Asks: 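Pasting in a structure now, in structure tokens, and then I'll have a few things to ask.
Note that these values count all heavy atoms, side chains included, but never hydrogens, waters or copies made by symmetry. Here the structure is a predicted model, which means the values were calculated and not measured.
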Amino acid sequence: MSTAIAHYIQGQPVANTSGRAQDVTNPATGVVTAQVGLAGVDQVNAAVAAAQAAFPKWADTPPIRRARVMFKFLQLLNEHKDELAHLITAEHGKVFTDAQGEVSRGIDIVEFACGIPQLLKGDFTEQVSTGIDNWTLRQPLGVVAGITPFNFPVMVPMWMFPVAIAAGNTFVLKPSPTDPSASLRMAELLKEAGLPDGVFNVVQGDKVAVDALLENPDVKAISFVGSTPIANYIYETGARHGKRVQALGGAKNHMVVMPDADIDQAVDALIGAGYGSAGERCMAISVAVLVGDVADRLLPKLIERTKTLQVLDGENLAAEMGPIVTRAAHERITGYIDLGVKEGAKLLVDGRGFDGAKAGEGCGDGFWMGGTLFDHVTPEMRIYKEEIFGPVLGCVRVDDLAAAVDLINAHEFGNGVSCFTRDGNVAREFGRRIQVGMVGINVPIPVPMAWHGFGGWKRSLFGDMHAYGEEGVRFYTKQKSIMQRWPESIGKGAEFVMPTAK
């Protein structure tokens, strides 16, 4: 009998009451390991009510005391990081070392949030006008919510709730039902760290839960990471309901390889960034832009490396790539490979038909696929224009840097991009002229560190502020300006103008 996974409200696990549930599957074996309850509107509203009740006291808690809870949470995360990584591998399928890296990047955000007393400091100006002082401060919004995707069940929630909670908000997390267990374990660790009941709540669910959060008037802000169509929906619906919204969408990330690049380094970068996490991440490289004659030198090595990719059960420490997350995702990715062949791209390595039995014991019925490599992909093809979200790398050939920049700038997405070169001027010009939010020079996956903030451009981000970093603090707080003077400095007579500097 499979385990029942449900919600976490007011500091304790809560059974699902909607009567709806979804299977949780180990993608390496295809075995159903649990059932996750899908919340109805009543349970979502109960979680919001718990957060709303906890907000006044938590907002009044001095920031240094909130930071102490984050410090304890940080300690517990470091003690349990491998446990969290195993939960990720069991339900998502990514290899254990990649899962460890995901947890570590989430921990970075918690470390950043521990500095909240400094981050919340405002500005003060004495004597802005005679007898008047002016200062600004930042205050929490209230109840805020996070809607997070399957591909990073630990890291992406941690892009949100540590900063939000440290800033004095209370939080409702709606994780992906595909891999829900990590969210509940994080809730337990937060309680163990001393977080008051109701400050952090988890509701498992689908669109019903999402819409309930969007429509609940007590939810003041929504953070979302997922596909562009859903990000657009979240942004428009949340704005219509008067909420602050930060919605991170899809991507089609390019890596430009210049003729002067180190070919072996470029191949290593494309293998890791294209096939790591089975390509199921919004910063995966899915297009190699090969400039000039570099294709003829790079492709033989890339083909060989793709063919010898170690596709194994994620618990095997020799694994470089694990299974696809679900059967439906496997079918969608397979359909894109079929389409690429029909569109006329040259299929150099075909990942279809990979035998899961080779991945490890009991893996024969898992959702397995090898790395796939296309050459002669063109901008008109759907496999170029659309986000595949799988281990499919397409190569586009261009004549020079200008053509590469024009190609990338014309794409509807602008999440991440990379350029491999030894030429400093090329690197500088590329960084300045590319219309993409996160740029790597000889760095294939340029995910900014915790204190810099994450976010793309164009249809990869809906909203004005990036996730985490100082922009995350601004997103989860509102600025208040206070002007003050005392009766002894007020002159006689009515004033019919606003204060001026006099």
Asks: Under the ring pair (Phe, Tyr, Trp, His ring centres under 6.0 Å) rule, collect the residues that match up with F413, sequence neighbours excluded.
Replies: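 By the ring pair (Phe, Tyr, Trp, His ring centres under 6.0 Å) rule, F413 matches H411.
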Asks: Using ring pair (Phe, Tyr, Trp, His ring centres under 6.0 Å) as the criterion, list what pairs up with F454, not counting sequence neighbours.
Replies: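 F454: ring pair (Phe, Tyr, Trp, His ring centres under 6.0 Å) contacts with W159.
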Asks: Report the residues that fulfil ring pair (Phe, Tyr, Trp, His ring centres under 6.0 Å) with F71, sequence neighbours left out, ordered by chain and then residue number.
Replies: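 With sequence neighbours excluded, F71 shows a ring pair (Phe, Tyr, Trp, His ring centres under 6.0 Å) to no residue whatsoever.
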Asks: Measure centre to centre between the rings of F161 and F200, then say whether the value is under 6.0 Å.
Replies: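 Between F161 and F200, the centre distance is under 6.0 Å.
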Asks: Between R105 and D108, is the closest basic N to carboxylate O distance under 4.0 Å?
Replies: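 The answer is yes: the pair qualifies as a salt bridge.
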Asks: Which residues satisfy the side-chain contact (heavy atoms from CB on, under 4.5 Å) test with H241, sequence neighbours excluded?
Replies: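 E215, T237, K243.
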Asks: With sequence neighbours excluded, tell me which residues meet side-chain contact (heavy atoms from CB on, under 4.5 Å) with A328.
Replies: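 A328 satisfies side-chain contact (heavy atoms from CB on, under 4.5 Å) with T326 only.
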Asks: Indicate the atoms forming the closest heavy-atom contact of F152 with P157, along with that distance.
Replies: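 Heavy-atom minimum between the residues: O-CD, 3.3 Å.
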Asks: Check whether any side-chain heavy atom of I165 sits under 4.5 Å from a side-chain heavy atom of F73, and report yes or no.
Replies: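 SC-SC contact between I165 and F73 ruled out.
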Asks: Check this for me: does any side-chain nitrogen of one of E495 and R485 sit under 4.0 Å from a carboxylate oxygen of the other?
Replies: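 Judged by the 4.0 Å cut-off on N to carboxylate O distance, E495 and R485 do form a salt bridge.
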Asks: Could you check whether D179 pairs with K94 (Lys NZ or Arg NE/NH1/NH2 to Asp/Glu carboxylate O, under 4.0 Å)?
Replies: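 Answer for the salt bridge query: no.
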Asks: Taking only residues two or more places apart in sequence or in another chain, which ones pass ring pair (Phe, Tyr, Trp, His ring centres under 6.0 Å) with F150?
Replies: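 For F150, the residues satisfying ring pair (Phe, Tyr, Trp, His ring centres under 6.0 Å) (neighbours in sequence not counted) are H92, F389.
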